[in-house]
Amino acid sequence: MATSGRWMLWTLCVCFTAWENDALRINMRESFVEVVRGDYVILPCSFFTSTRLSRLNIIWTMAPFSSPDTPMQVIVYDHGQAVEDPSLTGRVAFRGIPSSADIILNDTRVSDGGIYHCMVNNPPETADPGIGELVLSVLAPPSLPACQWDGDIDTGGSVRLSCSVAEGIPTPEIHWDKVNPEEISLPINMEGDLSGSVQIVNVSSQTSGLYRCSASNVLGTEHCYVNLSIYATPESSSGILQAVLLTLSMSLVLLALLVLVLWLQHTGQNGKWRERKGEDERCYNEIRYTPSLMKRSFV
Ligand SMILES: *[C@@H]1O[C@H](CO)[C@@H](O)[C@H](O)[C@H]1NC(C)=O
Ligand SMILES: *[C@@H]1O[C@H](CO)[C@@H](O)[C@H](O)[C@H]1NC(C)=O
Ligand SMILES: *[C@@H]1O[C@H](CO)[C@@H](O)[C@H](O)[C@H]1NC(C)=O
């Protein structure tokens with residue numbers, strides 16, 4: 001009987017101690033926090049205790065998304081003093097200490113993204129520190145994507161357009177479009193999350209034009225371009241050359257005519273404008289005559 005009584009007392013004690021240990025409670029208020037890179041953010045951590053804050057001890061740690069297995073200390077409150085990690089000096093501070101364990105993080109960077117833990121201890125009240133967790137996500141607009149092309153740009157060849165973007169949170173979506181001379185959306189092959197390519201086979205002069213890659217997320221869109229000129233087959237290229245030469249020679253003829261007309265007008269005005277009306281008329285006729293000359297040169 002005495003043994004079972006002692007057993008009951010012991011159980012009571014354990015329960016009481018456990019209840020006492022639970023006295024300090026942590027409430028993170030939010031489990032997921034988002035901030036745009038460069039802005040400040042408040043990481044919430046409230047705690048409730050019934051005892052005097054005689055030896056309050058708070059530790060914030062952070063495990064970056066890039067290396068979740070190597071958490072670092074962010075800021076510590078101990079013996080009435082706050083000490084921040086040297087890598088965060090001037091960017092992190094407690095806000096409302098000692099009644100709250102919230103911290104403010106200024107000038108946020110993408111590398112600040114990770115899993116944060118807030119640990120609060122107020123001995124002798126708690127044996128185990130209370131602990132809360134939240135995830136901080138630092139959003140960033142897409143960086144300028146890089147456009148490239150490779151392949152054979154002779155008629156019948158095949159060309160690959162590729163585009164890659166270095167950063168952006170959330171992960172940017174990549175699209176390829178032809179924007180000139182007509183606007184067409186192109187099917188894309190993703191190569192990992194951050195780069196995508198377009199394969200164009202059997203290229204022809206219709207393939208020539210301006211191609212645009214877009215990288216976009218909720219914070220914005222960035223573009224890069226490829227200007228593709230497909231070399232035509234030799235026959236048609238000599239045709240183009242002929243056309244160019246013809247246009248060029250016709251322009252020269254027109255220019256010569258224009259000079260001639262201006263010269264005639266000039267001589268007409270300076271020379272016999274006032275003295276002889278008949279001469280004047282002749283000059284005028286000459287000017288009127290030129291359009292038919294021009295017409296003839298076109299035929
Ligand atoms: C963070 O920026 C605010 C102003 O936006 C400033 O009042 C505060 O002191 C800064 N905190 C730190 C730790 O630099
Ligand atoms: C390539 O395109 C041309 C027209 O642009 C077509 O006549 C030809 O058959 C195509 N060749 C192949 C292999 O698809
Ligand atoms: C693309 O190239 C063509 C010919 O090389 C040129 O006429 C055109 O202006 C270029 N377009 C752009 C947007 O660079």
Side-chain angles (χ1 to χ4, degrees), residues 13-142 167-172 193 217-219:
C13 273
V14 167
C15 287
F16 185 73
T17 319
W19 175 78
E20 202 181 43
N21 283 351
D22 275 346
L24 192 145
R25 281 180 299 114
I26 280 197
N27 177 6
M28 295 303 273
R29 311 206 298 277
E30 281 175 84
S31 55
F32 188 77
V33 178
E34 270 184 357
V35 63
V36 174
R37 180 177 59 193
D39 287 354
Y40 76 88
V41 66
I42 288 164
L43 304 183
C45 177
S46 305
F47 62 89
F48 306 96
T49 175
S50 49
T51 18
R52 207 167 59 86
L53 298 172
S54 49
R55 283 182 54 203
L56 180 65
N57 172 272
I58 301 168
I59 302 173
W60 275 91
T61 63
M62 187 273 257
F65 291 132
S66 50
S67 52
D69 298 331
T70 54
M72 60 172 270
Q73 233 167 50
V74 174
I75 191 165
V76 174
Y77 181 83
D78 198 27
H79 292 100
Q81 277 201 319
V83 180
E84 66 259 54
D85 185 84
S87 67
L88 294 165
T89 301
R91 285 210 299 134
V92 69
F94 279 104
R95 209 170 160 272
I97 203 92
S99 55
S100 147
D102 292 5
I103 55 172
I104 181 169
L105 186 57
N106 278 355
D107 185 22
T108 49
R109 299 165 190 178
V110 168
S111 57
D112 294 333
I115 299 166
Y116 284 75
H117 285 114
C118 169
M119 283 172 263
V120 183
N121 200 351
N122 187 30
E125 186 179 27
T126 49
D128 295 313
I131 185 162
E133 179 178 298
L134 67 77
V135 173
L136 174 67
S137 190
V138 181
L139 308 185
E167 64 165 44
I169 298 172
T171 304
D193 278 347
N217 71 10
V218 288
L219 293 186

Below 4.5 Å, heavy atoms only, C-beta onward: do Thr61 and Met119 meet side chain to side chain?
yes
Asn217 versus Ala140, closest heavy-atom pair with distance
ND2-O, 3.0 Å
A side-chain contact here means heavy atoms from C-beta on lying under 4.5 Å apart; do Pro71 and His117 qualify?
no
When rounded to the nearest 0.5 angstrom, what distance separates CZ in Phe48 from CD1 in Ile26?
10.0 Å
Does any N or O in the side chain of Thr108 come within less than 3.5 Å of the main-chain N or O of Tyr40, such that one atom is a donor and the other an acceptor?
no
Indicate yes or no: at least one non-hydrogen side-chain atom of Leu136 is less than 4.5 angstrom from one of Leu105.
yes
Could you state the interatomic distance from CG (Leu88) to CD1 (Ile75), rounded to the nearest 0.5 Å?
8.5 Å
I need the Ser99 OG to Phe47 CZ distance, nearest 0.5 Å.
7.0 Å
Taking the side chain as everything from C-beta on, heavy atoms only, tell me whether Pro170 gets closer than 4.5 Å to Leu139.
yes
Could you check whether any side-chain heavy atom of Pro98 comes within less than 4.5 Å of a side-chain heavy atom of Ile58, counting everything from C-beta outward?
no
To the nearest 0.5 angstrom, please state how far the CG atom of Asn106 sits from the CZ atom of Arg91.
8.5 Å
Could you check if a side-chain atom of Ile115 sits within less than 4.5 angstrom of a side-chain atom of Glu133, using non-hydrogen atoms only?
yes
Any heavy-atom pair between the side chains of Cys45 and Trp60 that's under 4.5 Å?
yes
Applying side chain to side chain contact (heavy atoms under 4.5 Å, CB included), run through Leu43 and Leu134 and close with a yes or a no.
CA-CA 8 Å; Leu43 304 183; Leu134 67 77; 4.0 Å; yes
Side-chain donor/acceptor of Asp112 to backbone N/O of Arg37, under 3.5 Å:
no
Within this structure, what is the CG-CG distance for the pair Asn121 and Leu24, rounded to the nearest 0.5 Å?
8.0 Å
How close do Ser87 and Met72 get, heavy atom to heavy atom, and via which atoms?
OG-CE, 3.7 Å
Correct closest heavy-atom pair for Ala63 and Pro68 would be CB-O, 3.5 Å
Arg52 backbone acceptor or donor facing Asn122 side chain under 3.5 Å:
yes
Report the distance from atom CZ of Phe94 to atom CD of Gln81, rounding to the nearest 0.5 Å.
12.0 Å
Check: Met62 and Asp85 side chains under 4.5 Å, non-hydrogen atoms:
no
Ignoring hydrogens, what is the shortest heavy-atom contact between Tyr116 and Gly114? Give both atom names and the distance.
CD1-O, 3.6 Å
Can you name the closest pair of heavy atoms from Cys118 and Val120 and give their distance?
SG-CG2, 4.0 Å
